[in-house]
2 protein chains.
Amino acid sequence: MPRSGRRRPITSVDVAVAAGVSQATVARCFNTPDVVAPGTRQRIEAAAERLGYVPNAIARSLKSQSTNIVGAVVPAVGEYWQNVVTCFSRCLTASGRQLLLFSFLDQADVDDTLEAVAQYRLDGLILASATIAEAQLARMRQTGLSLVAFNHPDAAGIVPSVTVDNEAGSAELARHLADLGCARVLYVGGVAAASTDRARFRGAARTLASAGATCNYMEAGAFTYEAGYKAADRVGQMDSLPDAIMVGGDEVAFGMLDGLRQYGITAPNDLLMTGFDGLPQASWAGYDLTTLVQPAEQLAEHAAELAARGLDAPSNVVPPSVVVAGTLRRGRTTRRGEEPPARPQARAGRGCGPQSRAGRG
Amino acid sequence: MPRSGRRRPITSVDVAVAAGVSQATVARCFNTPDVVAPGTRQRIEAAAERLGYVPNAIARSLKSQSTNIVGAVVPAVGEYWQNVVTCFSRCLTASGRQLLLFSFLDQADVDDTLEAVAQYRLDGLILASATIAEAQLARMRQTGLSLVAFNHPDAAGIVPSVTVDNEAGSAELARHLADLGCARVLYVGGVAAASTDRARFRGAARTLASAGATCNYMEAGAFTYEAGYKAADRVGQMDSLPDAIMVGGDEVAFGMLDGLRQYGITAPNDLLMTGFDGLPQASWAGYDLTTLVQPAEQLAEHAAELAARGLDAPSNVVPPSVVVAGTLRRGRTTRRGEEPPARPQARAGRGCGPQSRAGRG
DNA sequence: TGCAAGGATGAATACGTATACATAGAATCG
DNA sequence: CGATTCTATGTATACGTATTCATCCTTGCA
């Protein structure tokens with residue numbers, strides 16, 4: 001039995017010995033192949049292949065002072081964030097980098113997490129949360145780590161930041177509603193303290209005001225389905241319904257839609273509704289929500305790139321910030337007047353009694 | 001201006017000098033604090049704090065031959081996987097480990113990805129995909145890396161594997177339907193080639209057969225919403241509807257539900273429906289799907305632990321596998337007879353014409 | 001033919017930490 | 001008080017790679 005037990009992993013030295021060259025030449029062969037003689041290279045490659053050599057990224061990182069890894073600190077819950085994480089991963093993988101993921105449930109966990117993060121000498125770190133304290137950002141900035149705030153507009157003065165244009169996007173949704181004749185609009189935000197929430201409400205209120213419409217604010221309490229579902233109770237018990245509800249996040253809007261249905265209130269029949277984010281589910285036929293689609297791929301790409309090339313500014317220069325425009329997606333929830341197009345059977349057979357299956361085998 | 005330019009990061013040597021001790025003592029102070037004299041320890045901690053020293057995990061990993069990082073290779077799309085990734089992250093963070101995430105869109109990317117993965121000397125690697133070739137698994141096994149297959153039952157003979165009990169879970173769903181009197185059941189799978197899909201169909205078919213019911217198979221083509229939505233067309237055009245549809249994944253089921261609605265077919269009115277996975281959205285009021293809930297946290301925990309403690313088996317021992325039972329979640333989609341409880345307004349006001357807003361202010 | 005230039009490679013070192021080994025002082029005991 | 005054990009710390013080395021510098025050999029040119 002020749003191969004018993006756990007054998008020592010193959011190093012570049014092993015390859016060097018097998019190929020009859022020095023370790024330095026092996027390293028060159030993998031990093032700058034053009035400076036090594038063709039014959040030698042071939043011999044080394046053969047030896048490496050035969051031994052099953054695979055370069056040790058840890059050692060490389062130690063020497064080169066760069067890990068090729070970008071970290072991301074992301075909230076553990078929410079459809080939106082899950083979507084963003086996937087985008088990060090795709091972008092980084094595409095550019096040959098890796099993603100070290102830290103997700104946190106409680107805000108208190110973030111401190112511990114950041115401490116752990118700092119130990120790995122990451123090429124950059126993406127902080128994706130609208131609720132990280134600015135004092136903490138400033139402190140992290142000191143470590144020399146290249147930070148990027150994602151979806152946290154207020155951080156723009158402290159660290160580079162990448163966001164969708166929340167205010168303009170929300171304004172676009174508001175204008176859309178105003179054009180449809182809405183005069184009384186209710187804005188349902190997620191967390192009033194979040195900078196994204198404030199920006200979105202600002203855009204909506206400003207635009208609606210200039211169109212002569214009113215815009216009240218209601219806080220759902222979280223950017224979750226459940227929060228939206230519960231907030232629907234408050235709407236359902238109002239004396240008079242608004243013409244439209246602008247919800248600060250798609251997931252909250254889904255909850256709101258489902259919650260309102262319990263009261264017999266549906267969009268677009270009884271009121272119009274918009275969301276924000278452009279989650280995949282917004283396109284599902286079950287919701288078909290009018291929303292502002294965040295260019296997630298593009299945002300993630302910017303964040304990844306900004307994080308990877310650390311800014312060499314000495315810390316007194318104002319960091320660059322990226323604001324990308326979203327695009328309006330028009331769904332059924334603001335499609336008033338135009339009756340649901342092209343589903344004849346649906347109208348005949350839906351939900352109006354047991355005869356719905358008539359005419360079918 | 002004392003601090004211009006990019007200053008060299010602080011190392012344990014710097015701390016040692018500042019505290020008037022040797023580098024070794026500093027290292028001890030951070031790893032085995034009890035063997036260093038209290039006075040010395042205090043001096044070192046003070047110096048470290050003052051200089052802003054943070055241990056270099058890269059160097060530590062190189063020396064200790066262990067990175068404290070677990071990798072995960074996960075498909076880039078799908079609600080299910082996004083959910084699982086979050087669970088991985090939570091589990092690993094909780095045990096002081098980190099998650100290196102690799103997501104892939106195309107199966108072809110996996111090869112490249114695995115190559116990149118191998119360079120980082122991970123403590124373990126979780127392969128989360130039902131479609132990784134078994135030959136590839138065997139090859140990876142050779143590298144000495146501690147592998148765990150997640151949701152890939154067929155891999156159980158080659159590498160340790162963690163899955164929900166697909167067959168038993170599906171059987172439980174089937175029995176539920178049989179008890180409700182379903183005699184003709186249609187099983188809509190995602191990808192027929194996937195081992196999870198096969199196991200789930202097997203459990204359903206076996207149980208239904210022994211209950212005297214039939215169970216046909218239809219392939220949606222993918223585990224996605226869109227696939228389910230399209231598959232609904234084929235169902236809608238059938239001459240006679242089955243009593244129930246068992247869908248191989250929740251996301252596919254959502255698509256199926258929304259698709260069937262276009263044909264005026266709804267659950268539980270016209271047929272019953274079950275899903276599989278127990279996604280958060282299955283609990284949303286909009287779908288309220290009967291499904292088999294995978295204990296995602298628990299599965300992730302097992303996978304993380306199995307990956308972290310590399311198996312010391314020399315590669316001829318059969319690896320241990322973990323199979324966890326899921327739990328049935330009963331939703332509206334199999335709630336026949338019992339009329340939708342407690343939403344009186346809903347029945348009166350929904351979708352039957354413009355008078356729906358009557359009686360409201 | 002002799003010399004310069006350039007190309008290919010080897011030797012040596014540094015990256016920052018953990019740890020085996022050595023050592024010096026303190027404490028214990030006869 | 002000398003021998004011995006124990007505790008606290010310093011010295012030295014290894015982890016695996018990238019890179020600088022030096023060296024040798026080939027080639028071109030006068």
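Chain A is the first sequence line, chain B the second, and so forth, proteins listed ahead of strands; every chain is numbered from 1.
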Mapping B/Leu62 and A/Val26 onto DNA chain D by nearest heavy atom, which one lands closer to the 5' end?
B/Leu62
Within the 4.0 Å heavy-atom criterion, would you say [X] contacts the bases, only the backbone, or no part of the nucleic acid?
X       : answer
B/Gln65 : sugar-phosphate
B/Phe30 : nothing
A/Ala37 : sugar-phosphate
A/Ser64 : nothing
B/Ser22 : base

Quick check: does any side chain N or O of [X] sit under 3.5 Å from a backbone N or O of [Y], one acting as donor and the other as acceptor?
X        : Y        : result
B/Asn68  : B/Gly96  : yes
B/Asn83  : B/Tyr80  : no
A/Thr67  : A/Arg121 : yes
B/Asp123 : B/Val70  : no
A/Ser103 : A/Val74  : no

Less than 6.0 Å separating the ring centroids of A/Phe102 and A/Tyr120?
no
Check each of B/Val322, B/Val323, B/Thr163, B/Val148 against B/His302 using the side chain to side chain contact (heavy atoms under 4.5 Å, CB included) test, and report the only one that passes.
B/Val322
Tell me, please, the opening and closing nucleotides of DNA chain D, 5' to 3', among those with an atom under 4.0 angstrom from a non-hydrogen atom of chain A.
D/dG16 to D/dT20
Rounded to the Å, how far apart are [X] [atom1] and [N] [atom2]?
X        : N      : atom1 : atom2 : answer
B/Lys63  : C/dA14 : NZ    : C1'   : 16 Å
A/Ile58  : C/dA18 : CD1   : P     : 14 Å
B/Arg60  : C/dT17 : CZ    : P     : 9 Å
B/Arg121 : C/dT17 : CZ    : C1'   : 18 Å
B/Arg28  : C/dA20 : CZ    : P     : 11 Å

Less than 3.5 Å apart, any donor N or O on the side chain of A/Thr86 or A/Ser89 sitting next to an acceptor on the other?
no
Is the phosphate of C/dT17, meaning OP1 or OP2, less than 4.0 Å from a side-chain N or O of B/Ser12?
yes
For the helix from C/dT1-D/dA30 to C/dG30-D/dC1, figure out the bend between the end axes, five pairs an end, and round to 10 degrees.
50°
Interatomic distance, CG@A/Leu299 vs SG@A/Cys91, rounded to 0.5 Å, equals 9.5 Å
base_contact_polar (C/dA18 base, B/Gln23 side chain, donor-acceptor, <3.5 Å)
yes
